[in-house]
A.B. asks: 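Sharing a structure with you now.
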Amino acid sequence: MEAALKRELGTTVLRATGHSGGGCISQGQSYETDSGRVYVKSNAKPEARRMFEGEMASLEAILKTQTIKVPKPIKVIELPGVSTLFVMEHLEMRGLNRHSSKLGTQLADLHLHNQQLGEKLKKEESTVGMVNDWQTDWVTFFAKQRIQPQMDMIEKNSGDREARELWAQLQLKIPSLFCDVEIVPALLHGDLWGGNVAEDDSGPIIFDPASFYGHSEYELAIAGMFGGFTSSFYSAYHSKIPKAPGFEKRLKLYQLFHYMNHWNHFGTGYRGSSLNIMRNLVK
C-alpha cells in the first residue's frame, strides 16, 4: 500500500506519524510526505470508492464557500483487490471547546451561502430580463427519498406493523408541518454531530461530511442527538438564522430519519425512539 501511495502522491518520503484514527466505517493514518503531512483514510469494502468520492465532492463544495474550515481533499486512490484510499490535508485537531459559538456562526454562514449566491445572481440577471428562480419540493424529497427508504428497510428486515401504521398516518401530516415556511436549498454538511467537529487555534473544523442541498433545519437534527452542542453554538447560529414557526416539530421529524437509520444499521435499540417521535407527530 505504501509503495502505491508514494507513486500516486509523487513523494519520495512517506513516513507514518503515529497519528491514527477511524470509526465504525473507515480507518485513518497520517503520513509525512515531501509536501507536508497528509491524512489517509482506507476502506476495503466494494462501495468504498463511491463513498470516498462523495466525501471528496462534499469537502470541495464546503471549501468553495470559504465559510468554515474543512480538511482540503487531495485524491481518491483505488488499490484493486486491496482497498480504496482517500488522501486529504492533515489538520492538528482537538476537541471542540473554545470555538462553539464560532462554529454556530460559521455553520449559519455555510447554510446562508447558497441563498446569498441566488440573490446575487438574481440582481445580475435582472439587468438582462432573465428569470432563474429556485424550483424545489423539499417536503416530497424528504418523505420519499429520506424517510421512505428507511421505512422500506424496516419493513424488509422486521415487518414492524406499528411502524408501518404510524408512517401511513405521518405521511399525511408532514405537509402541515411546513405551512408558511420558505425553504431555500442550503449546502449541508449532512452528518454534523459531535464526533465530526473539532477545532484548532484558528477556529472550528468540520469533517466527514455527507453533503447535499436541503433545508438548513435538517442539519440541526443530528446535532441535537448523542450529546449535542453547547447553548453558545445554538445562540450564535439562531442569531443569523432565527427559528421559524413550527421549528421544534420539524426538528423531531428530521431526527426521525436519523433514529430510523440507526435502527436499520445498529438494531432495535432505536425502535422505541423512532416510534415515539411518530406517535407525537401524528397527534
Side-chain angles (χ1 to χ4, degrees), residues 24-25 47 50-51 54-55 57-58 61 107 111 114 134-196 208-229 241 243-283:
C24 57
I25 298 174
E47 66 273 17
R50 184 166 172 257
M51 178 182 69
E55 185 177 346
S58 298
L107 184 68
H111 290 168
N114 202 45
W134 282 100
Q135 301 294 322
T136 63
D137 184 358
W138 164 255
V139 178
T140 303
F141 169 83
F142 182 75
K144 290 189 175 178
Q145 297 189 40
R146 286 293 182 267
I147 301 282
Q148 188 63 59
Q150 296 298 327
M151 193 65 243
D152 291 344
M153 287 173 69
I154 289 167
E155 181 72 20
K156 181 181 174 185
N157 294 333
S158 64
D160 195 292
R161 190 173 125 188
E162 188 175 3
R164 182 170 65 245
E165 290 173 354
L166 283 167
W167 174 233
Q169 297 173 56
L170 181 56
Q171 284 183 80
L172 302 175
K173 189 85 182 281
I174 287 176
S176 69
L177 301 179
F178 291 85
C179 290
D180 304 318
V181 178
E182 182 188 3
I183 298 173
V184 178
L187 177 60
L188 306 179
H189 174 281
D191 191 22
L192 195 80
W193 65 289
N196 288 344
D208 286 354
S211 294
F212 65 99
Y213 287 91
H215 190 192
S216 57
E217 290 178 359
Y218 173 92
E219 192 91 281
L220 300 181
I222 198 168
M225 297 161 62
F226 314 121
F229 293 93
I241 304 179
K243 292 181 183 179
F247 171 85
E248 301 299 339
K249 280 196 168 183
R250 288 190 299 277
L251 196 67
K252 288 296 179 189
L253 177 68
Y254 293 147
Q255 286 182 339
L256 174 62
F257 164 75
H258 294 292
Y259 280 119
M260 291 175 82
N261 188 37
H262 278 68
W263 179 359
N264 280 315
H265 284 86
F266 304 113
T268 54
Y270 295 93
R271 177 181 184 268
S273 299
S274 302
L275 297 186
N276 280 337
I277 288 175
M278 286 198 275
R279 287 189 201 107
N280 288 328
L281 289 176
V282 299
K283 281 178 184 176

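Computed from heavy atoms alone, side chains included, the values below leave out hydrogens, waters and symmetry copies.
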A.B. asks: For Arg164, does the CZ atom have more than 12 heavy-atom neighbours from other residues, nucleotides or ligands under 6.0 Å away?
C.D. replies: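 Atom CZ in Arg164 is packed in, count exceeds 12.
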
A.B. asks: Nearest 0.5 Å please: distance from the CD1 atom of Ile241 over to the CD atom of Glu219.
C.D. replies: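 Reported value, rounded in 0.5 Å steps: 10.0 Å.
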
A.B. asks: Write down the atom of Gly214, the atom of Trp138, and the distance for their closest heavy-atom approach.
C.D. replies: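 What the structure gives for the nearest pair is CA-CZ3, 3.5 Å.
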
A.B. asks: Please lay out, stage by stage, how Trp167 and Gln148 fare under the test side chain to side chain contact (heavy atoms under 4.5 Å, CB included).
C.D. replies: CA-CA 9 Å; Trp167 174 233; Gln148 188 63 59; 2.9 Å; yes

A.B. asks: About how many Å separate CD1 of Ile154 and OH of Tyr270, when rounded to the nearest 0.5 Å?
C.D. replies: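 Reported value, rounded in 0.5 Å steps: 13.5 Å.
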
A.B. asks: Report yes if the side chains of Asp191 and His189 come closer than 4.5 Å at any heavy-atom pair, otherwise no.
C.D. replies: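 In short, these two side chains touch, coming nearer than 4.5 Å.
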
A.B. asks: Side chains of Leu177 and Val139: closer than 4.5 Å at any heavy-atom pair?
C.D. replies: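 Result no, sub-4.5 Å side-chain heavy-atom pair not found.
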
A.B. asks: Which residues pass the salt bridge (Lys or Arg N to Asp or Glu O under 4.0 Å) test with Arg271, sequence neighbours left out?
C.D. replies: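 Arg271 satisfies salt bridge (Lys or Arg N to Asp or Glu O under 4.0 Å) with Asp160, Glu162 only.
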
A.B. asks: Could you measure the distance from the OH atom of Tyr218 to the OG atom of Ser216? Nearest 0.5 Å is fine.
C.D. replies: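 Nearest 0.5 Å value for the OH-OG distance: 13.0 Å.
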
A.B. asks: For Leu188 and Tyr213, run side chain to side chain contact (heavy atoms under 4.5 Å, CB included): C-alpha distance rounded to whole Å, both residues' side-chain angles, the deciding distance at 0.1 Å, then the answer.
C.D. replies: CA-CA 6 Å; Leu188 306 179; Tyr213 287 91; over 6 Å; no

A.B. asks: Are Leu170 and Leu256 close enough, and set up right, to give a side chain to side chain contact (heavy atoms under 4.5 Å, CB included), and what steps lead you there?
C.D. replies: CA-CA 11 Å; Leu170 181 56; Leu256 174 62; 3.6 Å; yes

A.B. asks: Look up atom OG in Ser274 and atom CH2 in Trp263, then write down how far apart they are to the nearest 0.5 Å.
C.D. replies: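 Interatomic distance, Ser274 OG to Trp263 CH2, rounded to 0.5 Å: 5.5 Å.
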
A.B. asks: Tell me, do Met278 and Leu275 make a side-chain contact under 4.5 Å, heavy atoms counted?
C.D. replies: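 Yes, their side chains come closer than 4.5 Å.
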
A.B. asks: Are Phe229 and Leu107 packed together at the side-chain level, in the sense that at least one heavy-atom pair is separated by less than 4.5 angstrom?
C.D. replies: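 Not touching, per the 4.5 Å side-chain cut-off.
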
A.B. asks: Give a yes or no on whether the ring-centroid distance for His258 and Phe226 is below 6.0 angstrom.
C.D. replies: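 Not close enough - the centres of the two rings lie 6.0 Å or further apart.
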
A.B. asks: So, do Met225 and Trp193 sit near enough that their side-chain heavy atoms are less than 4.5 Å apart?
C.D. replies: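 No - every pair of side-chain heavy atoms lies 4.5 Å or more apart.
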
A.B. asks: Can you tell me how far CD1 of Ile147 sits from CD of Gln145, rounded to the nearest 0.5 angstrom?
C.D. replies: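 CD1 of Ile147 is found 12.5 Å from CD of Gln145.
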
A.B. asks: Has the side chain of Asn196 got a donor or acceptor atom that lies under 3.5 Å from a matching backbone atom of Leu192?
C.D. replies: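 No, because the side chain of Asn196 does not come within donor-acceptor range (under 3.5 Å) of the backbone of Leu192.
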
A.B. asks: So, the side chain of Arg250 versus the backbone of Pro245: is there a donor-acceptor pair under 3.5 Å, distance only?
C.D. replies: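 Checking the backbone N and O of Pro245 against the side chain of Arg250, a donor-acceptor pair under 3.5 Å is found.
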
A.B. asks: Looking at Asn264 and Met260, would you say the former's side chain and the latter's main chain have a donor-acceptor pair under 3.5 Å?
C.D. replies: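 It does hold such a pair.
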
A.B. asks: Should Leu253 and Phe142 be marked as a side chain to side chain contact (heavy atoms under 4.5 Å, CB included) after you check the CA-CA gap, both sets of side-chain angles, and the distance that decides it?
C.D. replies: CA-CA 10 Å; Leu253 177 68; Phe142 182 75; 3.7 Å; yes

A.B. asks: May I ask you to check whether over 12 heavy atoms, not counting those of Lys173, lie within 6.0 Å of atom NZ?
C.D. replies: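 It does: Lys173 NZ has more than 12 such atoms within range.
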
A.B. asks: Without swapping roles, check the side chain of Glu55 against the backbone of Pro209 for a donor-acceptor pair under 3.5 Å.
C.D. replies: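 No; zero donor-acceptor contacts below 3.5 Å.
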
A.B. asks: Between the main-chain N or O of Ala221 and the side-chain N or O of Gln255, is there a donor-acceptor pair closer than 3.5 Å?
C.D. replies: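 Side chain of Gln255 to backbone of Ala221, a donor-acceptor pair under 3.5 Å: yes, one is there.
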
A.B. asks: For Asn114 and Leu187, indicate whether the former's side chain and the latter's backbone hold a donor-acceptor pair under 3.5 Å.
C.D. replies: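 Judged by distance alone, no pair lies under 3.5 Å.
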
A.B. asks: Is it the case that the ring center of Tyr254 lies less than 6.0 angstrom away from the ring center of His215?
C.D. replies: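 Under 6.0 Å, so yes.
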
A.B. asks: How long is the span from the CD atom in Gln150 to the CG atom in Asn261, to the nearest 0.5 Å?
C.D. replies: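 Answer rounded to 0.5 Å: 4.5 Å.
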
A.B. asks: More than 12 heavy atoms of other residues, nucleotides or ligands under 6.0 Å from CD of Glu182: is that the case?
C.D. replies: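 Result for CD/Glu182: open.
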
A.B. asks: Do any N or O atoms from the side chain of Glu217 and from the backbone of Leu251 form a donor-acceptor pair under 3.5 angstrom?
C.D. replies: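 Not a single qualifying donor-acceptor pair exists.
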
A.B. asks: Using the six-membered ring of Phe212, assess whether NZ or CZ of Arg146 lies under 6.0 Å from its centre and within 45 degrees of the ring axis.
C.D. replies: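 Arg146 over Phe212 ring: yes.
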
A.B. asks: So does Lys243 pair up with Glu248, basic N to acidic O under 4.0 Å?
C.D. replies: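 Yes, charged N to carboxylate O under 4.0 Å.
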
A.B. asks: Locate the shortest heavy-atom distance separating Pro149 from Lys144; write the atom from each residue and the value.
C.D. replies: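 What the structure gives for the nearest pair is CD-O, 3.3 Å.
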
